Protein chains: 2
Amino acid sequence: MGDAEPRTAGGRVTVKEVADYAGVSAMTVSRTLSGGKNVRADVQRRVMDAVSALGYHRNENARSMRPGHTSGLIGVAITNLGNPYYGGFALGVEEVAATYGRRILLGNTGEVLARETQLISDFVGRQVEGLIVVPTGGAGEHLQPRALGHIPLVLAARSIPGVSADTVLLDDTSGAYEGTKRILQAGHRRVAFLGNSVSVSTATRRFEGFCQALAEFGLAPDPDLVLRGQQDVPAARRAMEQILQHSAPPTAVFSANNRNTIGALEAISAARDAGSVTTPPTLIAFDDVELANQMNVPILTISHDPKALGAEAARMLFSRLDGDFTSSEARIFNLAVSVGNIRS
Amino acid sequence: MGDAEPRTAGGRVTVKEVADYAGVSAMTVSRTLSGGKNVRADVQRRVMDAVSALGYHRNENARSMRPGHTSGLIGVAITNLGNPYYGGFALGVEEVAATYGRRILLGNTGEVLARETQLISDFVGRQVEGLIVVPTGGAGEHLQPRALGHIPLVLAARSIPGVSADTVLLDDTSGAYEGTKRILQAGHRRVAFLGNSVSVSTATRRFEGFCQALAEFGLAPDPDLVLRGQQDVPAARRAMEQILQHSAPPTAVFSANNRNTIGALEAISAARDAGSVTTPPTLIAFDDVELANQMNVPILTISHDPKALGAEAARMLFSRLDGDFTSSEARIFNLAVSVGNIRS
DNA sequence: TACGGTGTTGTTATCGTTATCACAAACCTG
DNA sequence: CAGGTTTGTGATAACGATAACAACACCGTA
């Protein structure tokens, strides 16, 4: 009683109901909502009143079904939202997508290939206009155009052999090379390497750059000091502990990503507290990490903005969607990284 | 020539096309795809072959239009994806949603009310089954049931006066109270406060807990040492610098969120490098921050898991959607925070 | 052989929206 | 004021998918 709500709960309001309420046809409502061309001003007002009285929202799914219309959705598959890096990445994608009037369907793959396959297939079913994927790194059959219904795809941060798609990468190799070189020039000769999963292309590229720089100085990586495959902070910490306990510990450590950097810093910090390490090794850290520069550990950061990476991926996608770039050839965009100076 | 692709680009494949290719009717395709009940085995095989030959994906938008079906989408509006905290939060939501077979529509509001309003309206138009919102804190007309088409809403991390919706909050007040008390018990008497925007309910609640503890020790906050409204790291850093330059600096500083904690640590670290501070103040930090415990600053963390917060919000939403909880009364879930010990 | 049941397939109608067409009224223009 | 154009409105069909119904073949049984 006294309920101002003309509709009861459950079923959502349709154009038809708004039309009845306003005493016009569905078409007049539709026209009014699409700008009001060829609708009398007073009728428009009646329609808008009905819309707000009933709390009507256009059904975008139904709209997008009509020929010519698109869903306005972009599918984004990320490996690990819990990593601040990918939060920034997602933000970059979201902001650019918003300026293009698109929304984001977000999925987290957790570095699991099956989940990535499932997510992408679902996204296609939901009629996304395009996909932005940080691939887990496995075989890419599910990333072939036929599996995607020929929707534009942009790979981000990592590339997949055999998949020809627009890709935004970091300048992994040259960044790692420059950083390592800088440390060698500073006199270090014994440098360890901490890396994430070998199947991830960034890991490979960064290791390459690392080795290149060593080779230039006539050095080769010491197998004892190369630890790869650490995907999270605890694993990275254990790896660093192992390095610190080496009978001939390195004077510098290259960390290939932010998880490894944090684990390494934790291990150094703990070892120092325990007194087992007095002069910590110098870190060469790929990826920015909040507070890393404030730790009492000499560090050289190879930095870049994950948000810029996401934004660039989105821009590449929209250049396809808007027909600004139509060549079937895949583009590769290398986002520059900046190698700083040794701090602290 | 030699093109194995029966369809050219552009238009997506429909049931009808699959049906023609397999020499059956659309219904037979549909039935096959829905489990194959009452479809001969050899026909099913023919259909599946056609599906994979044409690269067909069911149009989920069209499916969800049919009576009884739902979109399978959850709308999530977050204030700042660039903050690692909300990345973790989004991950918690995503993981729970995935177990319920739902996908996530993600929007970033950037703490802008107009953007939040627009996002939510769009989400409703896209037929989301429910909404999870970290509100910016402004007036909540757009969060009233009528504006949402009576879709279930869960507010997370912050509440809005006048909006009756299921809400997941942190135990802000008691966490701040306990943390502050701990520091007072340790002998501190001059404690500063760094907080984010006053319009945000968490900021208010944490300040309340802070004041309560002070009052219990017969103290009142010193207006000179209460700086609120810092929403990002640079602003927080400037605020902390101001505090450090005070003629009678505090021996402890309460930081109400992770942005303020990082800014404060940066300021302390810089001041120490510059020699203007020798004994840093003890920090009471709400929110976990990676590496904060490894800095050479005594710190007491009031910690909790943002992912758990997101997961709990999602569970509350699904308890509505699945009809496990039907009361019109709004629930409030208080996620416990844990107050640690003073470190370093 | 007639009959009910079951299993397999196709036809029709519908979901919410809007482009297209149809039509009437109002507005020009000479 | 005849003839044409513009403006405002409604009816119909279509987008892709699938419940509901209809149709038919085939089985076993009386």
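Chain naming here is simple, since letters A, B, ... match the order of the sequence lines and numbering starts at 1 in each. Treat the numbers as computed from the prediction; the structure is a model and nothing was measured.
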Answer yes when B:Glu329 and B:Arg320 have at least one side-chain N-carboxylate O distance shorter than 4.0 Å, and no when they do not.
-> no
To the nearest angstrom, the CD-P distance between A:Gln44 and D:dG8 comes to 9 Å
Roughly how many Å is it from CG in A:Asn59 to P in D:dC15, rounded to a whole number?
-> 18 Å
Which protein N or O atoms sit under 3.5 Å from an N or O of nucleotides 22-26 of chain C?
none

Taking the side chain from B:Ser121 and the backbone from B:Gln118, do they hold a donor-acceptor pair closer than 3.5 Å?
-> no
Partners meeting salt bridge (Lys or Arg N to Asp or Glu O under 4.0 Å) with B:Arg46 (sequence neighbours left out) | none
Could you state the CZ-C1' distance from B:Arg12 to D:dA17, rounded to the nearest angstrom?
-> 15 Å
Test: B:Glu94 and B:Arg103 ion pair at under 4.0 Å | no
Taking all non-hydrogen atoms of both residues into account, name the closest pair between A:Tyr86 and A:Thr79 and its distance.
-> CE1-OG1, 3.4 Å
Answer yes when A:Arg45 and A:Asp49 have at least one side-chain N-carboxylate O distance shorter than 4.0 Å, and no when they do not.
-> no
What pairs with B:Gln127 under side-chain hydrogen bond (donor to acceptor under 3.5 Å, both in side chains), at least two apart in sequence or on another chain?
-> none
Separation of B:Met65 atom CE from C:dT18 atom P, in whole Å?
-> 12 Å
Assign a letter to each nucleotide of nucleotides 8-14 of chain C from its 5' end: B, base within under 4.0 Å of a protein heavy atom; S, sugar-phosphate only; -, no contact.
-> BBBB--B
Are B:Glu111 and B:Arg158 ion-paired here, with the side-chain N under 4.0 Å from a carboxylate O?
-> yes
Does the side chain of B:Arg58 get closer than 4.0 angstrom to OP1 or OP2 of D:dT18 through an N or O atom?
-> yes
Quickly work out the A:Glu60 CD to C:dG16 C1' distance and round it to whole Å.
-> 12 Å
Interatomic distance, B:Lys16 NZ vs D:dA17 C1' [rounded to whole Å] = 13 Å
Whole-Å distance, B:Asn61 CG to C:dT17 P, equals 14 Å
Whole-Å distance separating the NE2 atom of A:His69 from the C1' atom of C:dG16 | 13 Å
Hey, is CE on A:Met48 packed in by over 12 heavy atoms from elsewhere, all under 6.0 Å?
-> no
Give me the residues of residues 120-127 of chain A where at least one heavy atom lies under 4.0 Å from an atom of DNA chain D, by number, or none.
-> none
Under 3.5 Å, side chain of B:Arg102 to main-chain N/O of B:Tyr100, donor-acceptor pair present?
-> yes
Report, one line per pair, each donor and acceptor closer than 3.5 Å where one atom sits in a side chain of residues 133-141 of chain B; sequence neighbours left out.
from     : atom 1 : to       : atom 2 : distance (Å)
B:Thr136 : OG1    : B:Glu116 : OE1    : 3.4

